[in-house]
Colleague: 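Structure below; questions to follow.
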Amino acid sequence: MATARLRWTAVATTLMMSFLGTTNAYAEHAKDSSAGDPDNADHYIDRFGLTSGGDTAAVQGLQQLNRSQMNATFTGSGDVEIYNGDYNQISWYGATNCESGFNPFTGNCDVFRVRFDTEMMARFTGLSKWRSLGCHELGHTAGLGHRYPENDAAGTTRSCMRDDIWPEEFDNHDLDAINSSV
Amino acid sequence: MTVKRKAFLSVAVTSLVALGVGVLAWSASSPSPYTTTPERSVEGREIWYDSPSALASEADLVVRARVTDTGRGRTYAEGQGDEYTSRYVTLDVLETLKGALSTGSSIRVEEEGWDGYGVGYVVNGLQWSEVGDEGYYFLSPLEGGTYGTRGSFGRVLVKGDVVGPSGLEPDRAGPWKGLVTRLKDPATAGAVIREAVSKSEG
């Protein structure tokens, strides 16, 4: 009995250490996205009827993804679908979810859907916030979660994954988090 | 009719009856295309409110209300890849803290419900409203005569499955930073909300 208990304890400890050993940049800087992780490094992005603002956002998001080890392209399809429109809501500027093929065992998503709300974005002039939004939502398709003042390093002001400010790029923490999972 | 033929017919009839019963049973148990609970989570880049008074200032209506009904709402972008169907939530107003609604009024709130595949989802942790929920709602009108909640933090429940501010996560309190403990206590939540409304109008 004592031997069996020791053996079980050893197994449990090993499993626990394996789990703890997989902490990555997500845990340190950017909370993992609840929409899921990309299933591989190749990211084929489709754009559907985007306005000039929406297209600016999509281009910025793609460029930011390509600063990481992901290979994002508008040539080909099947990983990310981007739409924009007036969705008759007053809460969000952009939203990302796993549209299909979510694997509950790996947390990977086959096809992400990104929506930009043109009515909400109409309150801004210029394209800077569109670029920030594109960076943010495409960041979700790379598995990044939101970052907040409460969980960010002091003085961190460059990440587009923040909700309270509008940077247009990923910072090094974002890039590290993406690269750790592809 | 020979014995063999009688036996064959008996088996055939029995099989057909069994098949018919099976088809009826399957039809009766076929699930609705809309899930009854949310199964997905959507990450949204939201409006950011620095403080409770900023949230109250943006809201056209702040009420204490009770959920009396929920159901399927309108379908937007139907047939397109960005299709979604909203959820209608009926609120009976118990008290109006901001706005012109009288106590006892009923209003319809529209929250996000299902994607184009009928899969229910929530945005930034704002869980679906359920009949019997009671709390404080920060609302603004939408097209079509309904109201929408001002972001995932725009609801504070005093009765329901999860009491306190909606959309709350361990490292994300939004405008309610420093006030979560008071908001999770039904005895003190009202005072926090009233103070927010008062400051927004000051």
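Chain A is the first sequence line, chain B the second, and so forth, proteins listed ahead of strands; every chain is numbered from 1.
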Colleague: Where on B:Glu83 is there a heavy atom nearer than 4.5 Å to chain A: the side chain, the backbone, both, or neither?
Modeller: backbone

Colleague: Is the closest side-chain heavy-atom distance between A:Asn88 and B:Arg74 below 4.5 Å?
Modeller: yes

Colleague: Nearest 0.5 Å, what's the CD-CZ distance between B:Glu43 and A:Phe112?
Modeller: 10.0 Å

Colleague: Of the listed residues (A:Phe102, A:Trp92, A:Tyr83), which shares the most heavy-atom pairs with chain B below a 4.5 Å separation?
Modeller: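 It is A:Tyr83.
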
Colleague: State whether the number of non-hydrogen atoms from other residues, nucleotides or ligands found under 6.0 Å of A:Tyr44 atom OH is greater than 12.
Modeller: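 Open.
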
Colleague: Of the listed residues (A:Ala95, A:Ser91, A:Cys98, A:Ala35), which shares the most heavy-atom pairs with chain B below a 4.5 Å separation?
Modeller: A:Ser91

Colleague: With the side chain counted from C-beta on, respond yes when B:Tyr84 and A:Arg115 share a heavy-atom pair under 4.5 Å apart, and no when they do not.
Modeller: yes

Colleague: Going by residue number, which parts of residues 46-53 of chain B are within reach of chain A, meaning a heavy-atom gap below 4.5 Å?
Modeller: B:Glu46, B:Ile47, B:Trp48

Colleague: With a strict 4.5 Å heavy-atom criterion, list every residue of residues 112-126 of chain B that contacts chain A, or say none.
Modeller: B:Glu112, B:Asp115, B:Tyr117, B:Tyr121, B:Val123, B:Asn124

Colleague: For the OH atom of A:Tyr87 and the OH atom of B:Tyr76, what is their distance to the nearest 0.5 Å?
Modeller: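 With rounding to 0.5 Å, OH (A:Tyr87) is 12.5 Å from OH (B:Tyr76).
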
Colleague: Do any of residues 183-202 of chain B come closer than 4.5 Å to chain A, heavy atom to heavy atom, and if so which ones, in number order?
Modeller: none

Colleague: Is it the side chain or the backbone of A:Glu137 that comes within 4.5 Å of chain B heavy atoms, both, or neither?
Modeller: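 Looking at A:Glu137, just its side chain touches chain B.
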
Colleague: Sort by residue number and list every residue of residues 129-154 of chain B having at least one heavy atom under 4.5 Å from chain A.
Modeller: B:Ser140, B:Leu142, B:Glu143, B:Gly148, B:Thr149, B:Arg150, B:Gly151

Colleague: Which region of A:Cys109, side chain (C-beta onward) or backbone (N, CA, C, O), has a non-hydrogen atom less than 4.5 Å from a non-hydrogen atom of chain B, or is it both or neither?
Modeller: neither

Colleague: Side chain, backbone, both or neither: which part of A:Ser132 has a heavy atom under 4.5 Å from chain B?
Modeller: side chain

Colleague: Let me know if B:Glu110 has heavy atoms under 4.5 Å from chain A in its side chain, its backbone, both or neither.
Modeller: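 For B:Glu110, side-chain heavy atoms alone lie under 4.5 Å from chain A.
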
Colleague: Looking at A:Phe116, does the NZ or CZ of B:Arg45 lie under 6.0 angstrom from its six-membered ring centre and within 45 degrees of the ring axis?
Modeller: no

Colleague: Given heavy-atom pairs under 4.5 angstrom as the criterion, report whether the side chain, backbone, both or neither of A:Asp117 touches chain B.
Modeller: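 Neither; nothing under 4.5 Å.
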
Colleague: Can you tell me which portion of A:Tyr93 sits under 4.5 Å from chain B's heavy atoms? Options are side chain, backbone, both or neither.
Modeller: both

Colleague: As an exercise, state the distance from CD1 of A:Ile90 to CG of B:Asp60, rounded to the nearest 0.5 Å.
Modeller: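 Rounded to the nearest 0.5 Å, the CD1-CG separation comes to 7.5 Å.
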
